[in-house]
Amino acid sequence: MRYRLWRIGVFVAAAIWPLLWLYQAWEDVLGPDPGKVLVDRLGLGTLVLLLITLSMTPLQKLTGWAGWIAVRRQLGLWCFAYVVLHLSAYLAFILGFDWSQLGVELGKRPYIIVGALGFLCLLALAATSNRYSQRRLGSRWKKLHRLAYLVLGLGLLHMLWIVRADLKEWSIYAGIGALLLVLRLPPVTRRIPRLVAKKASSAKKA
Ligand code: HEM
(Lines give C-alpha, C1' and ligand atoms only; values in the text may rest on other atoms or scores of the structure.)
Protein backbone atom coordinates (compact mmCIF):
# COMPACT_ATOMS: atom_id res chain seq x y z
CA MET A 1 0.00 0.00 0.00
CA ARG A 2 1.33 3.47 -0.95
CA TYR A 3 2.02 6.03 1.80
CA ARG A 4 1.70 3.30 4.45
CA LEU A 5 3.62 5.18 7.17
CA TRP A 6 1.82 8.44 6.41
CA ARG A 7 -1.57 6.70 6.66
CA ILE A 8 -0.59 5.08 9.97
CA GLY A 9 0.67 8.44 11.29
CA VAL A 10 -2.66 10.11 10.42
CA PHE A 11 -4.56 7.21 12.05
CA VAL A 12 -2.58 7.56 15.30
CA ALA A 13 -2.85 11.38 15.30
CA ALA A 14 -6.65 11.19 14.97
CA ALA A 15 -7.16 8.29 17.40
CA ILE A 16 -5.03 9.73 20.19
CA TRP A 17 -7.27 12.68 21.18
CA PRO A 18 -10.49 10.89 22.27
CA LEU A 19 -8.31 8.35 24.14
CA LEU A 20 -6.44 11.15 25.92
CA TRP A 21 -9.67 12.96 26.84
CA LEU A 22 -11.22 9.74 28.16
CA TYR A 23 -8.08 9.13 30.21
CA GLN A 24 -8.24 12.71 31.56
CA ALA A 25 -11.93 12.20 32.50
CA TRP A 26 -10.96 8.94 34.24
CA GLU A 27 -8.16 10.75 36.12
CA ASP A 28 -10.65 13.47 37.09
CA VAL A 29 -8.64 16.36 35.64
CA LEU A 30 -11.36 17.85 33.40
CA GLY A 31 -12.90 20.10 36.06
CA PRO A 32 -16.26 19.92 37.83
CA ASP A 33 -18.25 18.93 34.69
CA PRO A 34 -16.11 16.42 32.76
CA GLY A 35 -19.11 15.23 30.70
CA LYS A 36 -19.69 18.70 29.24
CA VAL A 37 -15.94 19.14 28.58
CA LEU A 38 -15.96 15.83 26.65
CA VAL A 39 -19.02 16.91 24.60
CA ASP A 40 -17.35 20.25 23.75
CA ARG A 41 -13.95 18.78 22.87
CA LEU A 42 -15.48 16.06 20.68
CA GLY A 43 -17.71 18.66 18.95
CA LEU A 44 -14.73 20.89 18.24
CA GLY A 45 -12.76 17.82 17.13
CA THR A 46 -15.52 17.02 14.60
CA LEU A 47 -15.36 20.53 13.15
CA VAL A 48 -11.54 20.57 12.99
CA LEU A 49 -11.47 17.14 11.29
CA LEU A 50 -14.06 18.31 8.78
CA LEU A 51 -11.91 21.35 7.93
CA ILE A 52 -8.79 19.17 7.64
CA THR A 53 -10.64 16.68 5.38
CA LEU A 54 -11.87 19.48 3.12
CA SER A 55 -8.37 20.94 2.84
CA MET A 56 -6.89 17.71 1.36
CA THR A 57 -7.99 18.40 -2.26
CA PRO A 58 -6.77 22.05 -2.33
CA LEU A 59 -3.48 20.95 -0.72
CA GLN A 60 -3.02 18.26 -3.39
CA LYS A 61 -3.72 20.83 -6.12
CA LEU A 62 -1.32 23.36 -4.59
CA THR A 63 1.56 20.95 -3.90
CA GLY A 64 0.97 18.18 -6.43
CA TRP A 65 1.55 15.57 -3.66
CA ALA A 66 -0.89 12.65 -3.90
CA GLY A 67 -0.40 11.76 -0.22
CA TRP A 68 -3.07 14.31 0.76
CA ILE A 69 -5.71 12.43 -1.25
CA ALA A 70 -4.47 9.07 0.12
CA VAL A 71 -5.68 10.05 3.62
CA ARG A 72 -8.80 12.03 2.66
CA ARG A 73 -11.28 9.17 3.10
CA GLN A 74 -9.69 8.10 6.38
CA LEU A 75 -9.97 11.66 7.72
CA GLY A 76 -13.62 11.87 6.66
CA LEU A 77 -14.35 8.64 8.51
CA TRP A 78 -12.55 9.98 11.58
CA CYS A 79 -14.76 13.07 11.40
CA PHE A 80 -17.78 10.73 11.46
CA ALA A 81 -16.30 8.73 14.37
CA TYR A 82 -15.82 11.97 16.34
CA VAL A 83 -19.42 13.11 15.72
CA VAL A 84 -20.70 9.68 16.84
CA LEU A 85 -18.65 10.07 20.05
CA HIS A 86 -19.87 13.71 20.41
CA LEU A 87 -23.51 12.58 20.10
CA SER A 88 -22.93 9.60 22.45
CA ALA A 89 -21.28 11.85 25.07
CA TYR A 90 -24.25 14.25 24.79
CA LEU A 91 -26.77 11.41 25.23
CA ALA A 92 -24.86 9.92 28.18
CA PHE A 93 -23.58 12.97 30.10
CA ILE A 94 -26.06 15.77 29.33
CA LEU A 95 -29.32 13.93 28.54
CA GLY A 96 -28.46 11.01 30.87
CA PHE A 97 -30.36 8.74 28.45
CA ASP A 98 -33.56 10.28 29.84
CA TRP A 99 -35.53 10.24 26.57
CA SER A 100 -38.54 11.90 28.22
CA GLN A 101 -36.38 15.05 28.52
CA LEU A 102 -35.55 15.19 24.80
CA GLY A 103 -38.48 17.55 23.98
CA VAL A 104 -37.52 19.90 26.85
CA GLU A 105 -33.87 19.74 25.74
CA LEU A 106 -34.70 20.68 22.13
CA GLY A 107 -36.63 23.71 23.43
CA LYS A 108 -33.72 24.67 25.71
CA ARG A 109 -30.98 23.94 23.14
CA PRO A 110 -32.47 24.43 19.63
CA TYR A 111 -28.93 24.33 18.16
CA ILE A 112 -29.14 20.55 18.67
CA ILE A 113 -31.54 20.34 15.67
CA VAL A 114 -28.86 21.99 13.49
CA GLY A 115 -26.25 19.57 14.87
CA ALA A 116 -28.57 16.61 14.22
CA LEU A 117 -28.98 17.67 10.56
CA GLY A 118 -25.19 17.82 10.29
CA PHE A 119 -24.97 14.38 11.86
CA LEU A 120 -27.45 12.90 9.33
CA CYS A 121 -25.45 14.37 6.42
CA LEU A 122 -22.20 12.95 7.86
CA LEU A 123 -23.94 9.57 8.22
CA ALA A 124 -24.91 9.65 4.51
CA LEU A 125 -21.31 10.60 3.57
CA ALA A 126 -19.75 7.87 5.72
CA ALA A 127 -22.18 5.23 4.43
CA THR A 128 -21.34 6.06 0.80
CA SER A 129 -17.60 6.61 1.23
CA ASN A 130 -16.73 3.08 -0.01
CA ARG A 131 -15.66 2.09 -3.55
CA TYR A 132 -18.89 0.11 -4.12
CA SER A 133 -21.08 3.22 -3.57
CA GLN A 134 -18.66 5.31 -5.63
CA ARG A 135 -19.08 2.89 -8.58
CA ARG A 136 -22.86 2.53 -8.16
CA LEU A 137 -23.56 6.26 -7.81
CA GLY A 138 -21.19 7.29 -10.62
CA SER A 139 -21.27 11.07 -11.24
CA ARG A 140 -23.94 11.48 -8.52
CA TRP A 141 -21.33 10.44 -5.92
CA LYS A 142 -19.36 13.67 -6.36
CA LYS A 143 -22.54 15.74 -6.08
CA LEU A 144 -23.58 13.86 -2.92
CA HIS A 145 -20.17 14.39 -1.35
CA ARG A 146 -20.52 18.15 -1.77
CA LEU A 147 -22.83 17.72 1.26
CA ALA A 148 -19.59 18.04 3.27
CA TYR A 149 -19.81 21.82 2.67
CA LEU A 150 -23.39 21.85 3.97
CA VAL A 151 -22.17 20.01 7.09
CA LEU A 152 -19.49 22.67 7.48
CA GLY A 153 -22.16 25.39 7.34
CA LEU A 154 -24.38 23.53 9.81
CA GLY A 155 -21.44 22.82 12.15
CA LEU A 156 -20.42 26.50 12.13
CA LEU A 157 -24.02 27.63 12.77
CA HIS A 158 -24.35 25.06 15.59
CA MET A 159 -21.14 26.36 17.19
CA LEU A 160 -22.08 30.04 16.64
CA TRP A 161 -25.35 29.44 18.52
CA ILE A 162 -23.36 28.05 21.47
CA VAL A 163 -20.46 30.54 21.67
CA ARG A 164 -22.46 33.66 20.70
CA ALA A 165 -20.67 35.91 23.20
CA ASP A 166 -17.12 34.91 22.24
CA LEU A 167 -16.68 35.01 18.49
CA LYS A 168 -12.86 34.99 18.38
CA GLU A 169 -12.36 31.22 18.10
CA TRP A 170 -15.46 30.77 15.93
CA SER A 171 -14.19 33.40 13.43
CA ILE A 172 -10.97 31.43 12.92
CA TYR A 173 -12.89 28.25 11.95
CA ALA A 174 -15.36 30.24 9.84
CA GLY A 175 -12.46 32.04 8.09
CA ILE A 176 -10.71 28.75 7.24
CA GLY A 177 -14.06 27.33 6.03
CA ALA A 178 -14.64 30.39 3.81
CA LEU A 179 -11.12 30.09 2.34
CA LEU A 180 -11.68 26.39 1.54
CA LEU A 181 -14.96 27.27 -0.14
CA VAL A 182 -13.28 29.96 -2.27
CA LEU A 183 -10.55 27.48 -3.28
CA ARG A 184 -13.28 25.14 -4.59
CA LEU A 185 -14.85 27.78 -6.87
CA PRO A 186 -14.21 26.71 -10.51
CA PRO A 187 -12.46 30.00 -11.60
CA VAL A 188 -10.07 29.70 -8.62
CA THR A 189 -9.55 25.91 -9.02
CA ARG A 190 -8.65 26.44 -12.70
CA ARG A 191 -5.95 28.99 -11.79
CA ILE A 192 -4.21 26.87 -9.11
CA PRO A 193 -2.15 24.58 -11.48
CA ARG A 194 -1.02 27.67 -13.44
CA LEU A 195 0.03 29.44 -10.25
CA VAL A 196 1.96 26.36 -9.08
CA ALA A 197 3.70 25.96 -12.48
CA LYS A 198 4.63 29.68 -12.51
CA LYS A 199 6.10 29.42 -9.01
CA ALA A 200 8.07 26.28 -9.94
CA SER A 201 9.54 27.90 -13.08
CA SER A 202 10.54 31.09 -11.22
CA ALA A 203 12.17 28.91 -8.51
CA LYS A 204 14.15 27.07 -11.24
CA LYS A 205 15.34 30.38 -12.76
CA ALA A 206 16.48 31.76 -9.38
C1 HEM B 1 -27.05 15.02 16.85
C2 HEM B 1 -25.96 15.72 16.67
C3 HEM B 1 -25.38 16.71 17.66
C4 HEM B 1 -25.73 16.97 18.97
C5 HEM B 1 -26.84 16.35 19.81
C6 HEM B 1 -24.82 17.99 19.45
C7 HEM B 1 -24.84 18.55 20.71
C8 HEM B 1 -23.94 19.47 21.22
C9 HEM B 1 -23.94 19.99 22.56
C10 HEM B 1 -24.94 19.64 23.64
C11 HEM B 1 -22.88 20.83 22.66
C12 HEM B 1 -22.40 21.56 23.93
C13 HEM B 1 -23.08 22.85 24.14
C14 HEM B 1 -22.58 23.58 25.36
O15 HEM B 1 -21.35 23.69 25.55
O16 HEM B 1 -23.42 24.05 26.10
C17 HEM B 1 -22.22 20.87 21.37
C18 HEM B 1 -21.12 21.62 21.09
C19 HEM B 1 -20.50 21.64 19.86
N20 HEM B 1 -20.78 20.85 18.79
FE21 HEM B 1 -22.35 19.58 18.60
N22 HEM B 1 -23.93 18.31 18.44
C23 HEM B 1 -24.25 17.56 17.33
C24 HEM B 1 -23.62 17.58 16.10
C25 HEM B 1 -22.51 18.34 15.80
C26 HEM B 1 -21.86 18.41 14.50
C27 HEM B 1 -22.34 17.68 13.24
C28 HEM B 1 -20.79 19.25 14.63
C29 HEM B 1 -19.76 19.68 13.63
C30 HEM B 1 -19.78 19.48 12.35
C31 HEM B 1 -20.76 19.71 16.00
C32 HEM B 1 -19.85 20.60 16.51
C33 HEM B 1 -19.90 21.17 17.76
C34 HEM B 1 -19.02 22.23 18.20
C35 HEM B 1 -17.91 22.86 17.38
C36 HEM B 1 -19.39 22.53 19.53
C37 HEM B 1 -18.80 23.61 20.42
C38 HEM B 1 -17.60 23.14 21.16
C39 HEM B 1 -17.01 24.23 22.03
O40 HEM B 1 -17.72 25.14 22.46
O41 HEM B 1 -15.82 24.13 22.34
N42 HEM B 1 -21.82 19.15 16.68
N43 HEM B 1 -22.88 20.02 20.51
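We count ligands from 1, going down the list as the structure has it; atoms in each ligand are counted the same way.
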Distance-only donor-acceptor check, side chains Arg72 and Thr53, under 3.5 Å: no

Arg109: numbered ligand 1 atoms lying under 4.0 Å from its heavy atoms: 16 (O)

Identity and separation of the nearest protein heavy atom to atom 40 (O) of ligand 1: Val163 CG1, 3.9 Å

Taking atom 12 (C) of ligand 1 as the reference point, the nearest protein heavy atom with its distance: Asp40 OD1, 3.2 Å

Aromatic contact, Phe11 with Trp6 (centres under 6.0 Å): no

Trp99 and Phe97 aromatic ring geometry - parallel, tilted or perpendicular at 30°/60° bounds: tilted

Ile16, CD1: over 12 other non-hydrogen atoms inside 6.0 angstrom: no

For Ala116, the ligand 1 atoms whose distance to one of its heavy atoms is below 4.0 Å: 1 (C), 2 (C)

Trp17 atom CH2: more than 12 heavy-atom contacts under 6.0 Å: no

For Lys36, the ligand 1 atoms whose distance to one of its heavy atoms is below 4.0 Å: 14 (C), 15 (O), 16 (O)

Under 3.5 Å side-chain donor-acceptor pair for Arg41 and Gln24: yes

Of the protein N/O/S atoms, how many lie under 2.8 Å from atom 21 (Fe) of ligand 1: 2

Listed partners of Lys108 passing salt bridge (Lys or Arg N to Asp or Glu O under 4.0 Å), at least two apart: Glu105

Whether His145 and Trp141 hold their rings parallel, tilted or perpendicular, with breakpoints at 30° and 60°: parallel

